[in-house]
Amino acid sequence: MQLFLDTADYQSIKKLYETGIVDGITTNPTNLRKDGANPKEAIKKICELMQGKPVSVQVTESDLDAIYAQAQEIATISDNVVVKIPCYQPYYPVIQKLLGQNVPLNITLVFSLPQALAMCKLGATYISPFLGRWDDIDADTSALLAEIVDMKNEYDFGTKVLAASLRDVPSVHQAINAGSDVATISPALFEKMLKHPLTEQGMEKFSQDWNKLGISQFP
């Protein structure tokens, strides 16, 4: 399973990219606003850092013609940009047209199995089910995510399932167990999920035992 960072903060990306396990980036208008930099320049900088790995960038227009034009423009920012478009039924013709022109798309705000099926049929590069927002309405996130993954595999669609809106470590576990192709995670959660108290305790015990030997150099 691939791991993406859900942020536009360059320093956080740079720090965690050095772990060697970051496979891509997802951004949205909210985290680009938080970054405070010029959005286009910020995306260019992130794309360069990621060295060809996918960077999702979301459209901000709402009119169909404007979405189409903006998506094409966003796609020219860098060869590794993936354009994010919401899974909104009136946008389907634009999504189909862009995919027909080989513009890579990440379809966001997916909340149901029929929506996921529709986007797979259109040939979306990624679909992004939002687990955290399902939790907010007491939906069974693990079951629905697993159903989407099973549907994709059953019909041999090439679309990748990208588990989004993950808010805690158990949600990451759900994405892994469901067989999601990708999980996108905030930098804070990314660091948290890689830590474990027993690992910390073990490191401290090893250090204490070694120091008791009184050896100043090894080997």
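For clarity, every value in this text was computed on a predicted model and none was experimentally measured. Just the heavy atoms: all of them, side chains too, but no hydrogens, waters or symmetry mates, feed the values below.
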Above 12 or not: heavy atoms from other molecules or residues under 6.0 Å from [atom1] of [X]?
{"X": "K53", "atom1": "NZ", "value": "yes"}
{"X": "Q101", "atom1": "CD", "value": "yes"}
{"X": "E191", "atom1": "CD", "value": "yes"}
{"X": "E204", "atom1": "CD", "value": "no"}
{"X": "D209", "atom1": "CG", "value": "yes"}

Roughly how far apart are [X] [atom1] and [Y] [atom2], rounded to 0.5 Å?
{"X": "T27", "Y": "Q58", "atom1": "OG1", "atom2": "CD", "result": "8.0 Å"}
{"X": "F111", "Y": "L131", "atom1": "CZ", "atom2": "CG", "result": "10.0 Å"}
{"X": "Q11", "Y": "D9", "atom1": "CD", "atom2": "CG", "result": "7.0 Å"}
{"X": "D23", "Y": "M50", "atom1": "CG", "atom2": "CE", "result": "7.5 Å"}
{"X": "L162", "Y": "N106", "atom1": "CG", "atom2": "CG", "result": "5.5 Å"}

Discussion item. Any carboxylate oxygen within less than 4.0 angstrom of a Lys/Arg side-chain nitrogen, looking at E18 and K14?
Written reply: yes
Would you say [X] and [Y] make side-chain contact, with heavy atoms under 4.5 Å?
{"X": "V149", "Y": "K152", "value": "no"}
{"X": "L16", "Y": "T7", "value": "no"}
{"X": "L3", "Y": "I185", "value": "yes"}
{"X": "S56", "Y": "V82", "value": "yes"}
{"X": "S78", "Y": "E48", "value": "no"}
{"X": "Q72", "Y": "K97", "value": "no"}
{"X": "V169", "Y": "L189", "value": "yes"}
{"X": "E61", "Y": "Y68", "value": "no"}

Just checking, is any N or O donor in the side chain of T26 or D6 under 3.5 Å from an acceptor N or O on the other one?
-> yes
Under a side-chain separation threshold of 4.5 Å, the hydrophobic residues clustered together with M203 are none
Going by chain and number, the hydrophobic cluster around W210 (ILVMFWY, side chain to side chain under 4.5 Å) further includes L213, I215, F218
Going only through I, L, V, M, F, W and Y residues with side-chain contacts under 4.5 Å, is there a path from I46 to V83?
yes
Only residue of D156, I148, V161, I127 satisfying side-chain contact (heavy atoms from CB on, under 4.5 Å) with C120 is I127
Hits for ring pair (Phe, Tyr, Trp, His ring centres under 6.0 Å) against Y91, two or more places apart or cross-chain, chain-then-number order -> Y88
